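Note sheet for the following structure.
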Amino acid sequence: GAGVSQTPSNKVTEKGKYVELRCDPISGHTALYWYRQSLGQGPEFLIYFQGTGAADDSGLPNDRFFAVRPEGSVSTLKIQRTERGDSAVYLCASSPQGLYGGITDTQYFGPGTRLTVL
Amino acid sequence: DAKTTQPNSMESNEEEPVHLPCNHSTISGTDYIHWYRQLPSQGPEYVIHGLTSNVNNRMASLAIAEDRKSSTLILHRATLRDAAVYYCILDASSNTGKLIFGQGTTLQVKP
């Protein structure tokens with residue numbers, strides 16, 4: 001079946017601009033995650049949705065970052081007033097339940113969106 | 001959050017077994033151990049997870065030390081397609097479901 005898809009695959013923007021990154025999770029998955037990966041580093045957690053609500057947004061670096069999932073399916077990560085330090089690959093993942101029997105359910109990752117801020 | 005320690009890089013020859021170590025000396029009794037890997041230019045993918053007993057699946061085996069302070073991911077016959085960054089992740093029982101990635105081990109497979 002279809003996996004997690006992310007659009008665009010690449011985004012180049014100028015410092016100070018606003019960007020939106022989209023994630024289409026696997027159909028039926030209630031949990032959705034955003035991560036950010038800088039060059040040479042492991043992915044860094046940003047936010048986790050359970051259904052439509054943000055269950056954990058402790059990883060969002062500041063108030064320029066915001067994410068929504070209005071219908072419990074597609075999610076959009078929004079970055080205002082982009083800075084050069086925001087350049088990274090933004091990964092989205094989904095899982096069937098999030099937590100299952102007290103352990104983290106398997107997460108299925110998309111290919112990521114490479115954001116470059118000039 | 002409990003931390004993991006992995007070697008930065010390892011090399012293997014094709015069709016030979018590979019043992020990827022992970023130290024997690026501060027693990028709690030109910031923390032699961034997850035392994036994910038990330039192939040070049042792709043998102044991470046799940047490999048295996050376990051709690052106390054050794055685990056096997058079609059991709060790999062997970063050997064967990066008796067004191068649970070370390071574990072080893074075993075690829076029984078490495079192929080060129082196994083070249084990736086391998087991440088060992090502790091899943092705290094108090095976790096909300098997020099994964100905390102470290103630096104991982106970059107595995108090179110030589111033909």
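Being a predicted model, the structure only gives us computed values, none of them experimental. Order of the sequence lines fixes the chain letters, A, B, ..., with proteins taken first and strands second; residue numbering starts at 1 for each chain.
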Over all atoms of both residues, closest heavy-atom pair of Tyr46(B) and Thr106(A): CB-CG2, 3.5 Å
query: To the nearest 0.5 Å, what is the distance between CG (Asp56(A)) and NZ (Lys98(B))?
result: 4.0 Å
- prompt: Applying a criterion of heavy atom separation less than 4.5 Å, what residues of residues 102-111 of chain B form contacts with chain A?
  reply: Gly102(B), Gln103(B)
- request: Give a yes or no on whether Tyr86(B) and Met10(B) share a hydrophobic cluster (residues Ile, Leu, Val, Met, Phe, Trp, Tyr; joining criterion: side-chain heavy atoms under 4.5 Å apart).
  value: yes
- prompt: What residues of residues 68-95 of chain A sit under 4.5 Å from chain B when only non-hydrogen atoms are counted?
  reply: Leu91(A)
message: Can you list the residues of residues 23-43 of chain A that sit under 4.5 Å from chain B, counting heavy atoms only?
response: Tyr33(A), Tyr35(A), Gln37(A), Gly40(A), Gln41(A), Gly42(A), Pro43(A)
- prompt: Hey, any chance Leu46(A) and Tyr36(B) share a hydrophobic cluster, counting ILVMFWY side chains that come within less than 4.5 Å of each other, even indirectly?
  reply: no
- request: Indicate if Ile48(B) and Tyr108(A) have the same hydrophobic cluster label, given that clusters are the connected sets of ILVMFWY residues with side-chain heavy-atom separations under 4.5 angstrom.
  value: no
CZ-CG distance between Phe45(A) and Leu99(B), expressed to the nearest 0.5 angstrom: 9.5 Å
statement: Tightest non-hydrogen contact, residues Gln107(A) and Gly97(B), listed as NE2-O, 2.8 Å
statement: Among residues 51-61 of chain B, those lying within the under-4.5 Å heavy-atom range of chain A are none
- request: State the CZ-CD distance between Phe109(A) and Gln38(B), to the nearest 0.5 angstrom.
  value: 8.0 Å
